[in-house]
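Every heavy atom of this structure was used, including side-chain atoms; hydrogens, water molecules and symmetry mates were not. Lettering follows sequence order; numbering is per chain, from 1.
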Amino acid sequence: MKLVIAVIKPFKLEDVRDALMALGIQGLTVTEVKGYGRQKGHTEIYRGAEYAVNFLPKVRVEVVVPSDRAAKVVDTIAAAAKTGQIGDGKIFVTPIEHAVRIRTGETDANAL
Amino acid sequence: MKLVIAVIKPFKLEDVRDALMALGIQGLTVTEVKGYGRQKGHTEIYRGAEYAVNFLPKVRVEVVVPSDRAAKVVDTIAAAAKTGQIGDGKIFVTPIEHAVRIRTGETDANAL
Amino acid sequence: MKLVIAVIKPFKLEDVRDALMALGIQGLTVTEVKGYGRQKGHTEIYRGAEYAVNFLPKVRVEVVVPSDRAAKVVDTIAAAAKTGQIGDGKIFVTPIEHAVRIRTGETDANAL
Amino acid sequence: MKTASASRRILGWTAATLAGLAASPALAQGPTIDGADTAWITTATALVLLMTLPGLALLYAGMVRKKHLLAVMAQCFAAAMLVSVLWMIAGYSLTFVGGGSVIGSLDRFFLAGMSLESVNDLAANLPESLFAAFQMTFAIITVALVAGSVADRMRFSAFVLFAALWLFIVYVPIAHWVWGGGFLGEWGLLDFAGGTVVHINAGVAGLVACLVLGARHGYGSENLSPFDLSLAVIGTSLLWVGWFGFNGGSALGAGSRATMAILVTHLGASMGAIGWMAAEWWTRGKPSVLGILSGAIAGLGTITPASGFVLPWHALIIGGVAGIVCFWACTWLKQRLRYDDSLDVFGIHGVGGVIGTLATGVFAVGALSASPANPTGSPGLLEGNAAQLQTQAIGVVVTIVWCAVATFVVLKVVDLLVGLRVSPEAERMGLDVTQHGEALQ
Amino acid sequence: MKTASASRRILGWTAATLAGLAASPALAQGPTIDGADTAWITTATALVLLMTLPGLALLYAGMVRKKHLLAVMAQCFAAAMLVSVLWMIAGYSLTFVGGGSVIGSLDRFFLAGMSLESVNDLAANLPESLFAAFQMTFAIITVALVAGSVADRMRFSAFVLFAALWLFIVYVPIAHWVWGGGFLGEWGLLDFAGGTVVHINAGVAGLVACLVLGARHGYGSENLSPFDLSLAVIGTSLLWVGWFGFNGGSALGAGSRATMAILVTHLGASMGAIGWMAAEWWTRGKPSVLGILSGAIAGLGTITPASGFVLPWHALIIGGVAGIVCFWACTWLKQRLRYDDSLDVFGIHGVGGVIGTLATGVFAVGALSASPANPTGSPGLLEGNAAQLQTQAIGVVVTIVWCAVATFVVLKVVDLLVGLRVSPEAERMGLDVTQHGEALQ
Amino acid sequence: MKTASASRRILGWTAATLAGLAASPALAQGPTIDGADTAWITTATALVLLMTLPGLALLYAGMVRKKHLLAVMAQCFAAAMLVSVLWMIAGYSLTFVGGGSVIGSLDRFFLAGMSLESVNDLAANLPESLFAAFQMTFAIITVALVAGSVADRMRFSAFVLFAALWLFIVYVPIAHWVWGGGFLGEWGLLDFAGGTVVHINAGVAGLVACLVLGARHGYGSENLSPFDLSLAVIGTSLLWVGWFGFNGGSALGAGSRATMAILVTHLGASMGAIGWMAAEWWTRGKPSVLGILSGAIAGLGTITPASGFVLPWHALIIGGVAGIVCFWACTWLKQRLRYDDSLDVFGIHGVGGVIGTLATGVFAVGALSASPANPTGSPGLLEGNAAQLQTQAIGVVVTIVWCAVATFVVLKVVDLLVGLRVSPEAERMGLDVTQHGEALQ
Ligand SMILES: Nc1ncnc2c1ncn2[C@@H]1O[C@H](COP(=O)(O)OP(=O)(O)O)[C@@H](O)[C@H]1O
Ligand SMILES: Nc1ncnc2c1ncn2[C@@H]1O[C@H](COP(=O)(O)OP(=O)(O)O)[C@@H](O)[C@H]1O
Ligand SMILES: Nc1ncnc2c1ncn2[C@@H]1O[C@H](COP(=O)(O)OP(=O)(O)O)[C@@H](O)[C@H]1O
């Protein structure tokens, strides 16, 4: 299995989820994160003190899938999350050796 | 070493932590996340506009352990986090190649 | 490629980012997390009810780098995040098999 | 002396008084100032300011998303500070000082001639500085109310410009027509504390504005749910308490006219909340907190024009009807007509204002507005005076027409000058960061 | 005229007055309304409403977890809107209009007969509409207070039903006995602004309710700490300011009786906060913010019955004792007795109310309640009148017994009808989502 | 009778009155209490308390980081409860009762002798208990204001001790000099509601305190931006509304002097907000919400000493200048001088207080302070009385010098006794957890 980690723009979350559902993906986990990258942040001013907000709000989507579906999932996320603007984010794939569904104790592919 | 990632119900966090402590685990890292899965969300209504809240609050527990202890840790978390209800969550295991304790510079198993 | 995961003290974030930038790292992702470890939490009392706050606020920094740079990145983070006090945190390294930049579709090393 | 002052207190706004006043000089000097009346109206002025700062700002902040939260508070604040200055420069004078049936005069331009002794004949028991300040707080909240309809997408600069123009082109004339000696008052329109001037006015302006600006991005598809509804609970509470000054203060004195107005106001709010809650519980299975709050505001807005003319049991009816009808307007009607009035200014204030102004014509009890000059007071339909309901309907129509047309023109002018709406990108990032360079953490 | 009104103002509630009133007709018409008294009591009414909306709602919201935050605010809001309507339908009449030593009459059912001229003989210097509204705000807050004991687990529908029944079965009779011409007032019980009627009553009801409902899930094991204590700071502040209207308004007029009551109230609050802070600092090493707030509320609740009868230096003592004893009650005592009174309504209001009511019997200064009709006023133990302390004790016992028994019965009825407590699953998910379909983000 | 009371109301604080009073006994008994004046000043007292609790607490909380948020609220709360008790023990007496040109007496130690009938000759139309309470609220907010300068780093115990000492060593004497019959008042200093006593005083003390404590860790390098600015919007709103009581109440009666003061106060606030907003928009491209709020406070602080002496159009000028100059002080000047006044108490209150006190000497209109005893009133430079401006300048200098020196001494004593500043580790963890054992979640 593979863990696909996508760091995307927050307002693209619904699109990504819908695209993954269309693919038959049944579960995923989302975290609010802050990203630092090529995309510039903005400046906030409080009584004359300027603060550069370099970290931009992003959303990290994690989805574990059978290895043979990973490529398709990556492509799907990439298509759904793309605006073509800087800051669209990244997708990373890392191996997962073992998976368990807590409720039933099913393991690996059955657990997803 | 292995990184054990468990996505569980928030109110089970204390139980999981206690169970891991009983096992001699000395550290772990917790993130508030939102999960999407078979478990249904609820509906929120604001002046007639209904919003389906599909993402449910979950907690992700990350714990890095020596490879030989991973199976035991997975079982322990699974036992502690289980309610038998839908939405109990998942456990994933992924390899960790290297670990460092920042304070002392100790590495790998000594760093945990 | 490698994913370097560092769990550090929140106020060290700027230092770590600056050190990584000096190294030429162009992107990273940050999550607010809570850590449990050797470092003791504090106690909060509300009208006579004492609560041990065992989880301390930490920040998780994730940065994906080409495999040959991983060691350097780990050392850099370790140096920047170190106070020598308990609770400084950990660094973990895990393999990444594939990376995509959503905006352009570039992959692997070019995507970072 | 006491008797005179008491009767003055009981008098309040009545058609008869207003008709009489048109003939007399609007400003006078004299030792008619009453300490008790001054004490209460000073308090009422503070209460009505509290309704906008922070009441309305909190209500609105509690209904928007996190990234727009400060921006909507800023608009309420800007309305307050800007309208205050413009009111004292010319708004007060054009509304309440002399003039004919269409508009006041500039005799008090920059408040020239206002002294410690001067009074306005419309309230000769109060220092003129107090009367001007009390009326100012009504102008402030009316302008601020409009911000709710266009929340999350209007440029800050555009709102500031809009507020200035709209004050003079819409609020000032209508307030003069109804309260300042103008033709609607002369025709006998009963509007104790602002069913037409404040609520219909703000509601219709909000509707026009949200139609001109267009819907928020993601309206109908994305989750636009409130970030922190607890702010709306605080805001509604402060509006409710402040409304004691709004309606009770409109008696322009301390006495039983004021306290009866407060009692019916409170009952209207309570029944509005109960009505909306019941309707929602019945149709959707759960009483939402925002529904309860919305019902309370609907009840308050609706009872406003009637508050000095009706008895407690009328308030129970008016409030309950308000809660149910406004619930229907904000859910069924809005979805049917497909306009995006972000925070339902039209559905609550506009609809409530119409119901309340008409209900005043139905339920008005002559004895409550009776005075030596007008011993029968102003009775309504239930007391056999069907003409009153007709007058009320005319007042509603005149207000809607003028407000709709003039608001449309003002918006087009503002759009030409600075552009009404932020860019889609700015809307996505949030008005807080893009308009003010700040954000909640 | 001025002299008469001044003495009336100084008179306030005294046993003698109440005894005298029982014989006279309760409602009168006449030109006795005083403008200054009306101005102040109108303000006081707004201040007491502010105590519940949003004061108490914020205090409670600031002490619960995020998932229950809106729900507890909703219960305060619901108490306000529901009690208001029921009070005007029958509560006011049953409490304050005519009737004998046990209960009032239905002469003002639906406020029938209330006009601009009518007054209640209990406060003939005020319009009756104002007197009824002022007293209503006391009923509101008493009912809302009870919500704190059962926070995080009571069904919204159950609370609504409970509020309606409890108002008539517990609040109305006790308020009549003490203030409305009933037997406790006739026996000479001194309770200026609600030590028995409001604080003991709410505290005991809260204790009974939390025992009947049982403890929150996770009580004693899980971390139930507050989500956003800053809300409690705002809430306590508004309660403090509003209490000026609560105690100062209970003089039923503008004058030195009211202002002295406000001064001692303020000192009681300050010393309560200092007392609790000191006790906590001493025993636990740190002065918590919640401790300081709790002490202030304890001081305010405790000084309430005494506020019209004591001098400033008495308030220093009463407040300080309140802070320390209530600290002890909310920590040591509660843990020992193992009940889960979520937000310590009993430990603060119940215990504080008892201390305050007894302290009134100890410290009362005759001169403060003296009037032409009762030149010696109502002195307490320190001035040699030990009987007063006994009367106070009787008042405490009667209130506790009636309240405990009747509250228990009301709860059982509500449980039968709609069920008191949400399901464990709903409690875990949070009342906000399960009861109202909403949540803080 | 009415005439007398009206003129008393119009009288307010004038140099002539104060000079006259120094000779007469400070306390009197008599039937001079006026109901309407009492009603309004009671309300004003509540409004000024509202400025600190929760107004200032919210403003400050809205500007700090999450981990220090409760701590700064706790300091405002502690200031309120502690100053209240100390004021009644001796502060009131030393400030306002008898005594000579330097300090009052201890005749009202523990308020001994205060009864329902007693009045203070400085305001013989009010119950003495009310006068003492009203003045207390000014002492509270002045002390609480100082907390803003040292936010995020001062030990709670140190602040508590500081508050107690500073009250007696700095606030009480200066208040006596200006308002209590002391030398500054006798010399004719005009300070209607506290330009010197409150604003310069707090601002200078804040500056000294932040210099003595040193800058916050990370100042100038780390991101110290506010956690939840919406709290600051609420706080500023409540300060604004409360200021009606602050300045309007300083007329010590209900009448046109009070209402005119409120009107100019409101205009000063509005223009201050507009001034700061314009300056920021111009120089930085965006009008920030915090800027608008800051401008409003700057306008309010600046108009304070002038509020009883100037006309509305003067307020427009004073407010606008205040907004722009305070913007400059909080940005350019502060960065140039490199002190870390966390929440800009000096830049806003200190600078604003100086501008306002001098502006009073320029714009004062004699007619506004005229009275039978002083038919010309107190005119300023524009009416040809250049000496007044000189007197104002002397008042400013005396206040600054005494405050700076005495504050420095008090801080050093506190440092010796308990240590002023928390450890770097505690500062990093946040004052909430380290000082109070609590935290926002
Ligand atoms: N090397 C990296 N490791 C981890 N996260 C990264 C890395 N590079 C970028 N990111 C994440 O991706 C987001 C987008 O990257 P950015 O460089 O701004 O734009 P783009 O994706 O268009 O190249 C960043 O905000 C950050 O969260
Ligand atoms: N394939 C997946 N990848 C990542 N997270 C998942 C995946 N499937 C489920 N999850 C996480 O596990 C949680 C529980 O899954 P769900 O399907 O609701 O119930 P169950 O665990 O009982 O099958 C989800 O809310 C989500 O956070
Ligand atoms: N085995 C582990 N797996 C995952 N995270 C860990 C582990 N051990 C420690 N951590 C994280 O590292 C943080 C610091 O660890 P701690 O034991 O407190 O101090 P130190 O790093 O100085 O040994 C913890 O708060 C936790 O977030």
Side-chain angles (χ1 to χ4, degrees), chain E residues 2-3 5-6 9-10 34-37 39-40 43 47 65-66 225-230 233-238 240-242 244-245 248 253-260 262-263 266-267 269-274 277 284-290 292-293 295-296 311-313 316 367-368, chain F residues 1 31 33-43 45-47 49-50 52-55 57-58 61 69-71 73-74 76-78 80-85 88-89 110-112 114-118 126-130 132-133 136 156 228 231 234 254 432 435-441:
Chain E
K2 212 62 192 167
T3 328
S5 114
R9 237 175 273 137
I10 292 174
D34 181 87
D37 292 349
W40 162 238
T43 305
L47 285 171
R65 284 162 292 163
K66 189 176 183 184
S225 62
F227 169 63
D228 183 357
L229 257 187
S230 73
V233 180
I234 316 178
T236 304
S237 300
L238 295 178
W240 189 325
V241 172
F244 283 21
S256 55
R257 186 89 189 270
T259 61
M260 186 65 93
I262 286 172
L263 179 52
H266 186 80
L267 290 176
S270 299
M271 281 304 295
I274 292 173
M277 179 179 85
R284 303 186 179 263
K286 271 179 194 164
S288 73
V289 176
L290 183 55
I292 292 172
L293 304 179
L311 291 170
W313 71 267
L316 297 177
L368 290 172
Chain F
M1 183 191 73
I33 295 172
D34 180 87
D37 292 348
T38 300
W40 161 237
I41 301 302
T42 307
T43 305
T45 304
L47 284 172
L49 182 60
L50 187 78
T52 306
L53 300 180
L58 279 165
L69 200 152
L70 294 171
M73 296 187 107
C76 292
F77 221 93
M81 68 205 203
L82 203 72
V83 168
S84 301
V85 171
M88 293 308 168
I89 290 178
F110 271 89
L111 301 186
M114 185 185 282
S115 69
L116 289 187
E117 288 77 29
S118 63
L126 305 175
E128 191 183 5
S129 53
L130 176 58
M136 170 192 74
F156 181 69
D228 183 357
L231 298 178
I234 316 177
D432 292 3
Q435 302 296 296
H436 304 287
E438 295 161 317
L440 295 190
Q441 284 180 7

> To the nearest 0.5 Å, what is the distance between CG (F/D432) and CG (E/L229)?
Replying inline: 9.0 Å
> From E/M260 CE over to F/S115 OG, what is the distance, rounded to the nearest 0.5 angstrom?
Replying inline: 6.5 Å
> How long is the gap from CE on F/M136 to CG on E/L267, to the nearest 0.5 Å?
Replying inline: 7.0 Å
> Roughly how far, to the nearest 0.5 Å, is CD1 of E/I274 from CG of F/L82?
Replying inline: 5.0 Å
> Got F/M88 and E/L316 here, is their nearest side-chain heavy-atom distance under 4.5 Å?
Replying inline: no
> Residues two or more places apart in sequence or in another chain: which of them pass side chain to side chain donor-acceptor pair (under 3.5 Å) with E/T259?
Replying inline: F/S129
>> For the interface with chain F, which of E/S225, E/A269, E/G285 has the highest count of heavy-atom pairs at distances below 4.5 Å?
In response: E/S225
>> If I compare all heavy atoms of F/L50 with all of E/L238, which pair ends up nearest, and what's the gap?
In response: CD1-CD2, 3.6 Å
>> Taking the side chain as everything from C-beta on, heavy atoms only, tell me whether F/M114 gets closer than 4.5 Å to E/L263.
In response: yes
>> My understanding is that only residues two or more places apart in sequence, or in another chain, count here; which of them pass side chain to side chain donor-acceptor pair (under 3.5 Å) with E/S230?
In response: E/D228
> At their closest point, which heavy atom of E/S270 faces which heavy atom of F/A80, and how far apart are they?
Replying inline: OG-O, 4.4 Å
> Picking from E/G272, E/P226, E/G248, which has the most non-hydrogen pairs under 4.5 angstrom with chain F?
Replying inline: E/P226
>> Using a 4.5 angstrom heavy-atom cutoff, name the option from F/T45, F/T38, F/L49 with the most pairs to chain E.
In response: F/L49
>> So for F/A46, is it side chain, backbone, both, or neither that comes closer than 4.5 Å to the heavy atoms of chain E?
In response: both
> How many angstroms lie between CE in F/M81 and CE in E/M277, if you round to the nearest 0.5 Å?
Replying inline: 4.0 Å
> Is F/F110 close to E/P312 at the side-chain level, that is, under 4.5 Å between some pair of heavy atoms?
Replying inline: no
> Is chain E contacted by the side chain of F/L130, its backbone, both, or neither, given a heavy-atom distance below 4.5 Å?
Replying inline: both
> Which of the residues F/L58, F/I41, F/T52 is involved in the greatest number of heavy-atom pairs with chain E at under 4.5 angstrom?
Replying inline: F/L58
>> Is E/F227 close to chain F through its backbone or its side chain, or both, or neither, when contacts mean heavy atoms under 4.5 Å?
In response: both
> Do E/L290 and F/H436 touch side chain to side chain, with heavy atoms closer than 4.5 Å?
Replying inline: no
> For F/L47, is it the side chain, the backbone, both or neither that has a heavy atom under 4.5 Å from a heavy atom of chain E?
Replying inline: neither
> What's the shortest heavy-atom distance between F/S84 and E/H266, and which atoms?
Replying inline: OG-NE2, 2.6 Å
>> Assess the residue pair E/L293 and F/F77 against the criterion (side-chain contact (heavy atoms from CB on, under 4.5 Å)); give the C-alpha distance rounded to whole Å, side-chain angles, the decisive distance to 0.1 Å, and a yes or no.
In response: CA-CA 8 Å; E/L293 304 179; F/F77 221 93; 3.6 Å; yes
> If you count heavy-atom pairs under 4.5 Å with chain E, which of F/V85, F/L111, F/V83 comes out on top?
Replying inline: F/V85
> Do you know the tightest heavy-atom contact between E/A36 and F/A39?
Replying inline: O-CB, 3.8 Å
> Do you know which two heavy atoms are closest between F/P54 and E/I234, and how far apart they sit?
Replying inline: CG-CG2, 3.9 Å
